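Below: the structure, in structure tokens.
In what follows, chains carry the letters A, B, and so on, assigned in the order in which the sequence lines appear, proteins first and then strands, with residues in each chain numbered from 1. The shown structure was predicted, so the numbers you read here are calculated from the model rather than taken from an experiment.
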Amino acid sequence: GAGVSQSPSNKVTEKGKDVELRCDPISGHTALYWYRQSLGQGLEFLIYFQGNSAPDKSGLPSDRFSAERTGGSVSTLTIQRTQQEDSAVYLCASSSTTNQFLSYEQYFGPGTRLTVT
Amino acid sequence: AQSVTQLDSHVSVSEGTPVLLRCNYSSSYSPSLFWYVQHPNKGLQLLLKYTSAATLVKGINGFEAEFKKSETSFHLTKPSAHMSDAAEYFCVVSGNTGNQFYFGTGTSLTVIP
């Protein structure tokens with residue numbers, strides 16, 4: 001079946017512009033995660049959705065970052081007034097569910113490579 | 001707080017020799033632990049996971065990992081490296097609510113023919 005897809009695969013933008021990154025999770029997956037992967041770094045957790053709500057936004061690095069999820073499916077990560085330090089690969093993952101006591105496997109998309117010039 | 005330390009940023013092995021990728025974690029409770037692999041220009045793929053069942057976990061492609069609570073370690077091993085194993089490997093620990101995950105900085109595995 002179809003995996004997690006992300007678009008665009010690459011995005012080059014000028015400093016100060018806004019960007020939107022899209023994630024299509026696996027159909028039926030209720031949990032959705034956004035991560036950022038900077039060069040030479042591990043994955044940095046940004047935000048997590050359960051259905052359409054985001055119980056954990058603790059990883060968003062600043063108020064320029066926001067995300068939403070509609071219909072329990074597609075999610076959009078928006079970065080306003082982009083800065084050069086926002087350059088990274090943004091990864092989306094989904095999982096079938098989530099539970100306080102059990103961690104379920106995450107399925108990752110291929111990522112969006114964002115370059116801010 | 002939870003955290004993960006991958007002790008080697010780069011590991012190089014010859015084809016056919018054993019692989020050892022080291023991971024230590026810090027957690028105030030019994031965590032779930034994962035290893036993911038990322039091949040160039042590909043998404044991350046789950047190799048294996050530990051969720052408080054058997055301490056020796058077998059994964060895909062011949063990899064396995066052993067959870068050692070006394071050493072707070074979850075090292076990844078494979079008896080014989082293949083060229084196709086060359087990739088970036090990430091050790092991951094779950095947060096205390098099960099819905100947050102902490103990634104190590106990764107270990108780049110090179111396999112020499």
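Using a 4.5 Å cut-off between heavy atoms, Gln45(B) does not touch chain A at all. Looking at Ser9(A), neither its backbone nor its side chain comes within 4.5 Å of chain B, counting heavy atoms on both sides.
Residue Phe74(B) is grouped with residue Phe63(B) when hydrophobic side chains (ILVMFWY) are merged at heavy-atom distances under 4.5 angstrom, including chains of intermediate members. Phe101(B) and Phe49(A) fall into different hydrophobic clusters, where Ile, Leu, Val, Met, Phe, Trp and Tyr are joined by side-chain heavy atoms under 4.5 Å apart, directly or via other members. In the hydrophobic clustering of this structure, Leu76(B) groups with Val11(B); members are Ile, Leu, Val, Met, Phe, Trp, Tyr whose side-chain heavy atoms approach within less than 4.5 Å, directly or through other members. Leu46(A) is not connected to Val4(A) by any chain of hydrophobic side-chain contacts under 4.5 Å among Ile, Leu, Val, Met, Phe, Trp and Tyr, and they are in different clusters. Each of Leu7(B) and Val19(B) belongs to its own hydrophobic cluster when Ile, Leu, Val, Met, Phe, Trp and Tyr are linked at side-chain heavy-atom distances under 4.5 angstrom.
Contacts of residues 106-117 of chain A with chain B at a heavy-atom distance below 4.5 Å involve Gln106(A), Phe108(A), Gly109(A), Pro110(A), listed in sequence order. Among the residues in residues 68-76 of chain A, none has a non-hydrogen atom closer than 4.5 angstrom to a non-hydrogen atom of chain B. At a heavy-atom separation below 4.5 angstrom, chain B is approached by no residue within residues 12-22 of chain A.
Between Phe103(B) and Tyr35(A), the distance from one ring center to the other falls under 6.0 angstrom.
Looking at every heavy atom in both residues, Lys49(B) comes nearest to Glu105(A) through NZ-N, 4.2 Å.
Within the 4.5 Å cutoff, no side-chain heavy atoms of Glu44(A) are placed close to those of Tyr102(B).
Listed by first and then second residue, the salt bridge (charged side-chain N to carboxylate O under 4.0 Å, His left out) pairs involving residues 20-36 of chain B are Asp8(B)-Arg22(B) (not counting sequence neighbours).
To the nearest 0.5 angstrom, Tyr36(B) atom OH is 10.0 Å from Leu43(A) atom CG.
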